[in-house]
Amino acid sequence: MAAPLPRLTTAALLLLPVALASCGARSDASPDQDAGRTTPSPSPAASPHGVMVGTNLDGISYWNTGLPTLDLMKSAGRWLPQREGEYDTGEPLALDAQGWVERVAPPTGTQRYDSVLVTVLHDNPAAPPAMRYVVLYDGRGSIGAVAVDGARTLDDTPGRLEVVSGKGGSLYLRIAASADGTPADIRNIRVVRADLLPLYQAGLSFNPAFLAKIGDFRVLRFMDWMNTNAVLNRSGVPLTGEAIDTAPLLTWADRPKPGDMRWGDGSRGVPVEAMVELANRVGAEPWFNMPVNADDDYVRRFALYVRDHLRPDLRVHVEFSNEVWNTIFPQARYAAAQAHKRLGADGNWMEWYGIRAAEVGRIWNAAFGEPVVHQPDPGRVLIVYNTQFAWKGLEASGLDSVHWRDASGARLRASDYFDDYAVTGYYDGAMNTDAAAPTVESWWRDADGGYARAIAALRDRIGRVNAPLYRYHAGEAAKRGLRLVTYESGFGEYTPPSRHQQQAYTDFLARLQRRPEIYDLEMANYQAFTAAGGALYMNFGIIGTPSKWGNWSALERVDQPNSPRYRALTTWLAANPPAPDRARAFANAAIRLGGDGGETIAASAHGDDVLVGGAGPDRFVPAGGANTRIEGGAGSDVLMLSAARDRYRFERGGDGAVRVSGPDGTQIVTGVEQVSFARGTPVSLAAQAAQSPSIGARFSSRSD
């Protein structure tokens, strides 16, 4: 999907960057063709607990209204070289491997810029006005908030700033050499809301408000977070044109890393460490999209990290790239070039996609110690095949792989290595085409502004187009023993290209998706998918601003209480609970920030909790979960353990953290003074830890 373009709204921003997002309409209408035929295989049993519902996550950027990360540098824009009166000098900047500017010095020789600017928040309706942020950093030099719309620096000490954003919520930081001309070498900048800083320092990476909005979904697809719709070179630069044909293979060293300056738009993407953390915290199965030009070792190491760090009660969905069938994306061109190399001059790009996707699936299953060939019970790893919804027959080439042979010359069938057969499930009334635009505009003369006819067109689409296509693809999946799932679904209207400058058209579609009737349309789409035998329905956007590029997201901002689409999703989830033995897996971790009085702060049996005490004496009560982070805060705090001392193991971390393992699960504890065993008299936690060996920093909580 394409992100909305940020809007420059005031002349005061003349010295600030103008960020452009990639844009492109979906292409989900292709010629109807005869379906291929393969040998029938048994169809997997349908779930007795109803269709599972998951969601894609909108791309990370400084304009995204989901505000997913606590550290807003992860969603910041690119560095901008500036001088007085020139918002972008266009000069190249020397960046280190993590994306930080290596050095900002006074102008000399041919260098014209004397500072660099980064956009942290800009034109983001969800950004709170005049909000206080703490800016932490390493290195030396001058750094501060740019004085736009009331933004300013409140306090400045080495390594730490306190700033306030503008009255419209925007925030920009500028780095310059010191007043005496000493070059700046500032890096590892973190920007966190002051009231949420204790949670960040205790180890939480994600905004609790964002976690609350996605916490009910069973599956999270990370396609946009992984910057999947780009073919990158080893330096992380997107390739275009003929360079795509010879794109290098990405190695594990080229992956996104937690310390990268940013994870969002224009970057390598979000690191696997962060995605696994998110899945563990909200109890959701992750859906990863492997880079189209990743080498086998990259795939294997990614899989091994997930195997070793994802909670063992969660499954994982694996898809090779995204919409390789879709020629508007560079991965389709890459696939065509690879098909010619591997299968000959007439090689089909979809057949190459099926073969390579099967190979990626074999690597994942082998890493998890599971059978590489599809089984009725697929285990923890579910391998996904992606095809176009409206193009009947397109699926056959990649699934049947008629030219794939093993080393002995025996034919291999790609579908034997998949578990899920994925299509889209968008509903639209064809209001997004140039040909339809005059008709839609004629509706506006109706007494209700045209909404009744628009709703009728959407309802007709679900019954006349979606339902038969769901049945068709369910049949094709069943022939090969695969489950039918969607990988993206929901309201599918966007402004036709010929009306991009006509705000009235964009506004009509945005208001349409807010109409209460959309709730019933969403439900009708789920029911049509269920009736066809679907197993997993994946919503597309969860939080994002409507624009001419589309109305993809169920909510428009993270602080929006509800919407017709979001209410339908959560109602369906509530009406189709997981099996009893899966309920704990899909539960949410506890995230609790204590107040000023002494409190009892309980952990969850789920684990992966973040518990932070307040100013008073707090009591922390574990409940058996693993990997819980506890920060005591001020006051004299007690860790309340349920069993005798000899049932627990204490390990000291490199930064003062203590890992406690035993009948109450595992906790990583900082700032807590005492521990009580079996309701007994509290004793010194430090003394218990002193009896144990140090285990280094690997169990430490985040300490900035």
Without swapping roles, check the side chain of Q82 against the backbone of Y87 for a donor-acceptor pair under 3.5 Å. yes
With distance as the sole test, does D138 use its side chain to make a donor-acceptor pair with the main-chain N or O of G159 at under 3.5 Å? no
Between T251 and R234, does any side-chain donor sit less than 3.5 Å from a side-chain acceptor? yes
Might you work through the side chain to side chain contact (heavy atoms under 4.5 Å, CB included) test for W63 and T545, ending with a clear yes or no? CA-CA 9 Å; W63 61 84; T545 306; over 6 Å; no
Find out whether T666 and R659 are in side-chain contact, i.e. whether some heavy atom of one side chain is under 4.5 Å from a heavy atom of the other. yes
Heavy-atom closest pair (N588 atom, G215 atom, distance to 0.1 Å) is OD1-O, 2.8 Å
Test of understanding: with side-chain hydrogen bond (donor to acceptor under 3.5 Å, both in side chains), list the residues that count as partners of E162, not counting sequence neighbours. R132
Just jot down the ring-ring contact (aromatic ring centres under 6.0 Å, His included) partners of F217, sequence neighbours excluded, or say none. none
Given L211 and L204, is the side chain to side chain contact (heavy atoms under 4.5 Å, CB included) satisfied, shown in steps? CA-CA 11 Å; L211 296 178; L204 185 64; 4.1 Å; yes
Residue pair D260 / A97: nearest heavy atoms and the distance that separates them: OD1-O, 4.4 Å
Assess whether atom CZ of R140 is packed by more than 12 heavy atoms of other residues, nucleotides or ligands within 6.0 Å. no
Strictly distance-based, threshold 3.5 Å: is any side-chain N or O of R557 a donor or acceptor partner for the main-chain N or O of P125? yes
Hey, are Y648 and D664 close enough side-chain-wise for a donor-acceptor pair under 3.5 Å? yes
Under the side chain to side chain contact (heavy atoms under 4.5 Å, CB included) test, which residues partner N64, sequence neighbours left out? D58, S61, P68
Within the distance-only criterion (no hydrogens, no angle test), does the side chain of K74 pair as donor or acceptor with the backbone N or O of P258 below 3.5 angstrom? yes
Which atom of L250 lies closest to which atom of N233, heavy atoms considered: CD2-O, 3.7 Å
Side-chain heavy atoms of I542 within contact of S553, under 4.5 Å: no
Side-chain donor/acceptor pairs under 3.5 Å, residues 590-609, sequence neighbours excluded:
| residue | atom | partner | partner atom | Å |
| --- | --- | --- | --- | --- |
| R592 | NH1 | A602 | O | 2.1 |
| E599 | OE1 | G595 | N | 2.5 |
| S604 | OG | H606 | N | 3.3 |
| S604 | OG | G607 | N | 3.4 |
| S604 | OG | D609 | OD1 | 2.8 |
| S604 | OG | D609 | OD2 | 3.2 |
| H606 | NE2 | N280 | O | 3.4 |
| H606 | NE2 | R311 | NH1 | 2.4 |
| H606 | NE2 | A587 | O | 2.8 |
| D608 | OD1 | N627 | ND2 | 3.0 |
| D609 | OD1 | A590 | N | 2.7 |
| D609 | OD2 | S604 | N | 2.7 |
| D609 | OD2 | T628 | OG1 | 3.3 |

Once side-chain hydrogen bond (donor to acceptor under 3.5 Å, both in side chains) is applied, do any residues pair with E556, and if so which ones, sequence neighbours excluded? Q513, R514
What pairs meet the salt bridge (Lys or Arg N to Asp or Glu O under 4.0 Å) rule with one or both residues in residues 194-207, with sequence neighbours excluded? R193-D195
The side-chain hydrogen bond (donor to acceptor under 3.5 Å, both in side chains) partners of R262 (sequence neighbours excluded) come to none
Will you find, in the side chains of T69 and D71, an N or O donor that is under 3.5 Å from an N or O acceptor? no
What's the spacing between Y172 OH and L117 CG if we round to 0.5 Å? 8.5 Å
Sidechain-backbone polar pair: S547 side chain, W549 backbone, donor-acceptor under 3.5 Å: yes
Of all the heavy-atom pairs spanning P622 and Q667, show the shortest one and how long it is. CB-NE2, 3.4 Å
Tell me every residue that passes ring-ring contact (aromatic ring centres under 6.0 Å, His included) with F620, counting only those two or more places apart in sequence or in another chain. none
Does the side chain of V270 reach to within under 4.5 Å of the side chain of I60, using non-hydrogen atoms? yes
Please list all pairs meeting ring-ring contact (aromatic ring centres under 6.0 Å, His included) that have one or both residues in residues 248-278, counting only residues at least two apart or in different chains. W252-Y298
For a 4.5 angstrom cut-off between non-hydrogen side-chain atoms, does T670 reach I630? no
Please state whether the rings of F210 and F206 are parallel, tilted or perpendicular, taking 30° and 60° as the class boundaries. tilted
Just so I know, are the side chains of L121 and T119 near enough to count as touching, which here means a heavy-atom distance under 4.5 Å? no
With side chain to side chain contact (heavy atoms under 4.5 Å, CB included) as the test, would you mind laying out the steps for F650 and L685 before giving the verdict? CA-CA 9 Å; F650 291 77; L685 177 61; 3.6 Å; yes
The criterion is side chain to side chain contact (heavy atoms under 4.5 Å, CB included); which residues satisfy it with A209, sequence neighbours excluded? N207, V558
Sequence neighbours excluded, every pair satisfying side chain to side chain donor-acceptor pair (under 3.5 Å) that has a member inside residues 108-118: E86-R112
Side-chain heavy atoms of W287 within contact of N56, under 4.5 Å: no
Measuring from atom CG of L80 to atom OG1 of T89, what distance do you get when rounded to the nearest 0.5 angstrom? 7.5 Å
Side-chain donor/acceptor of S170 to backbone N/O of D123, under 3.5 Å: yes
Is R619 atom CZ crowded by more than 12 heavy atoms from other residues, nucleotides or ligands, each under 6.0 Å away? no
Heavy-atom closest pair, residues V120 and Y62: O-CB, 3.3 Å
With heavy-atom distances below 4.5 Å as the criterion, would you say the side chains of V316 and F288 are in contact? yes
Is the shortest heavy-atom distance from the side chain of E631 to the side chain of Q201 under 4.5 Å? no
On a heavy-atom basis, which atom in A184 and which in G141 lie closest, and how many Å separate them? CB-CA, 3.7 Å
Counting only heavy atoms not in R645, do more than 12 fall under 6.0 Å of its CZ? yes
Value for CG (L95) from CZ (R103), rounded to nearest 0.5 Å, stands at 14.5 Å
Who pairs with T153 by side-chain hydrogen bond (donor to acceptor under 3.5 Å, both in side chains), at least two apart in sequence or on another chain? none
For the backbone of M223 and the side chain of T228, can you confirm whether one donor and one acceptor N or O come within less than 3.5 Å of each other? yes
May I ask you to decide if P158's main-chain N or O and R160's side chain share a donor-acceptor pair within less than 3.5 Å? no
Starting at CG of N289, measure out to CZ of F222 and round the result to the nearest 0.5 Å. 10.0 Å
With side chain to side chain contact (heavy atoms under 4.5 Å, CB included) as the criterion, how do M226 and M275 come out once you've worked through the C-alpha distance, each side chain's angles and the decisive distance to 0.1 Å? CA-CA 9 Å; M226 297 181 73; M275 293 185 287; 3.7 Å; yes
Does the K257 side chain pair with the main chain of A253, one donor and one acceptor, at a distance under 3.5 Å? yes
